[in-house]
Amino acid sequence: MTRGQRAKAAVIAAVASPAISLLCRTLKWRIDGDQHFDEIRRAGRQPILALWHGRILPGLFYLRHRGIVVITSQNFDGEWIAGIIRRFGYGTARGSTSRGGARALVQLRRDLAAGKPAAFTVDGPRGPARVAQAGAVFLAGATGQPILPFHIESSAAWTMNSWDHTQVPKPYARIGVAIGVPIVVTDTSETTIEAKRVELESSLADLETRSRQLIT
């Protein structure tokens, strides 16, 4: 990127971060399953968190300052997104499925080995929506670290006209966070990866139902 693009990305991050924080501090959070995150870490392991791309914003705030490392694209959008998430205590591995993805996965393996959790938007960065890609499952199989699926729903939100139907909670909305049972991937064989990918999709669908129940 050019110096001008980097400067613009820095401005976006500087403006957006406090706005996100202000919005999310008005929300009423209802959590189910948060003990799974702590249990994994107490056992000396690191969770690989998995959520849908359209729930990034509330997920960003809920998981802030836990040292989680996430993949962000190497383009302009990835630059300002990285700037925002760093302000909430996240680390970044730069890459995507279309560019630099293999390098980013190598970095995530190193971060997991160093005691840092990781997180994936498993249908990102381009979709199709609600179809889990294999990256998080492969990483779990390669490292022995469990996948921790979760879903977030809002009682009132603006839904963007994008491929992932990104949800931005409205001020003072109720937020339901449902965190599922960890998924263990024993190896990286094609059969195992596909079976666990399907299991992850199914778990996320169940968690969507649970998160909606939390806000009704």
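Residues take their numbers from the sequence shown, with the count starting at 1. Only this structure's heavy atoms are used, side chains among them; waters, hydrogens and symmetry mates stay out.
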Between Thr121 and Leu51, is any pair of side-chain heavy atoms under 4.5 Å apart?
-> yes
Would you check if Ile56 and Thr166 make a side-chain contact, meaning some heavy-atom pair closer than 4.5 Å?
-> no
Closest approach of Asp123 to Pro128 (non-hydrogen atoms, all atoms of both residues) = CB-O, 3.6 Å
pair Ile48-Phe120: side-chain heavy atoms closer than 4.5 Å = yes
Can you find a side-chain donor-acceptor pair between Ser154 and Gln167 that sits under 3.5 Å?
-> yes
Lys/Arg-Asp/Glu bridge criterion (N-O < 4.0 Å) met for Asp34, Arg66 = yes
Arg41 CZ: over 12 foreign heavy atoms closer than 6.0 Å | yes
Determine whether Val168 and Ile215 fall in the same hydrophobic cluster, where Ile, Leu, Val, Met, Phe, Trp and Tyr are linked whenever their side-chain heavy atoms lie under 4.5 Å apart.
-> no
Atom CD of Gln107 and atom OG1 of Thr92: how far apart are they, to the nearest 0.5 Å?
-> 6.5 Å
Residues Arg197 and Ala134: closest non-hydrogen pair is CD-N, 4.5 Å
Between Arg55 (side chain) and Ile152 (backbone), is there a donor-acceptor pair under 3.5 Å?
-> yes
Of all heavy-atom pairs between Gly180 and Leu148, which one has the smallest distance, and what is that distance?
-> O-CD1, 3.3 Å
Answer yes or no: is there a side-chain heavy-atom contact under 4.5 Å between Thr72 and Val70?
-> yes
Between Ile12, Thr2, Ile81, which is the residue that forms a side-chain contact (heavy atoms from CB on, under 4.5 Å) with Phe76?
-> Ile12
Measure the acute angle between the ring planes of Trp29 and Tyr62, then classify it against the limits of 30° and 60° as parallel, tilted or perpendicular.
-> parallel
Short N-O contact, Glu208 and Arg130, less than 4.0 angstrom | yes
Would you check if Phe150 and Leu63 make a side-chain contact, meaning some heavy-atom pair closer than 4.5 Å?
-> yes
Any sub-3.5 Å donor-acceptor pair from Arg30's side-chain atoms to Arg174's backbone N or O?
-> no
Heavy-atom donor-acceptor pair, Thr26 side chain to Tyr172 backbone, under 3.5 Å = yes
Atom of Pro169, atom of Trp158 and distance for their closest heavy-atom approach | O-CZ3, 3.6 Å
Donor-acceptor under 3.5 Å (Glu153 side chain, Ser211 main chain) = no
Show your reasoning for whether side-chain contact (heavy atoms from CB on, under 4.5 Å) applies to Ile183 and Val137.
-> CA-CA 9 Å; Ile183 298 172; Val137 180; over 6 Å; no
Note: Gly141 and Thr188 closest approach over all heavy atoms is C-CG2, 3.6 Å
Verdict with reasoning, Leu60 to Tyr90, per side-chain contact (heavy atoms from CB on, under 4.5 Å) = CA-CA 9 Å; Leu60 168 69; Tyr90 292 81; 3.4 Å; yes
Is there a donor-acceptor pair closer than 3.5 Å between any side-chain N or O of Lys116 and the backbone N or O of Val69?
-> no
Kindly determine whether Ile40 and Gln46 satisfy side-chain contact (heavy atoms from CB on, under 4.5 Å), including the steps that lead there.
-> CA-CA 6 Å; Ile40 291 171; Gln46 302 304 324; 5.7 Å; no
How long is the gap from CH2 on Trp80 to OG on Ser17, to the nearest 0.5 Å?
-> 10.0 Å
Hey, any chance Phe61 and Leu49 share a hydrophobic cluster, counting ILVMFWY side chains that come within less than 4.5 Å of each other, even indirectly?
-> yes
If you round to the nearest 0.5 Å, how far is CG of Leu207 from CZ of Arg212?
-> 12.5 Å
Are Arg210 and Leu214 side-chain neighbours, meaning at least one heavy-atom pair lies under 4.5 Å?
-> no
Lys196 side chain to Val184 main-chain N or O, any donor-acceptor pair under 3.5 Å?
-> yes
Locate the shortest heavy-atom distance separating Thr143 from Arg109; write the atom from each residue and the value.
-> CG2-CG, 3.9 Å
Arg6 and Glu79 ion-paired at < 4.0 Å = yes
Can you tell me how far the CD1 atom of Ile147 sits from the CG atom of Leu200, to the nearest 0.5 Å?
-> 5.5 Å
Below 4.5 Å, heavy atoms only, C-beta onward: do Leu22 and Pro171 meet side chain to side chain?
-> no
Given side chains that start at C-beta, do those of Val131 and Glu201 come closer than 4.5 Å, heavy atoms only?
-> yes
Are any side-chain N or O atoms of Arg87 and backbone N or O atoms of Ile84, one a donor and one an acceptor, separated by less than 3.5 Å?
-> no
Please round to the nearest 0.5 Å and tell me the distance separating atom CG of Asp164 and atom CZ of Arg126.
-> 13.5 Å
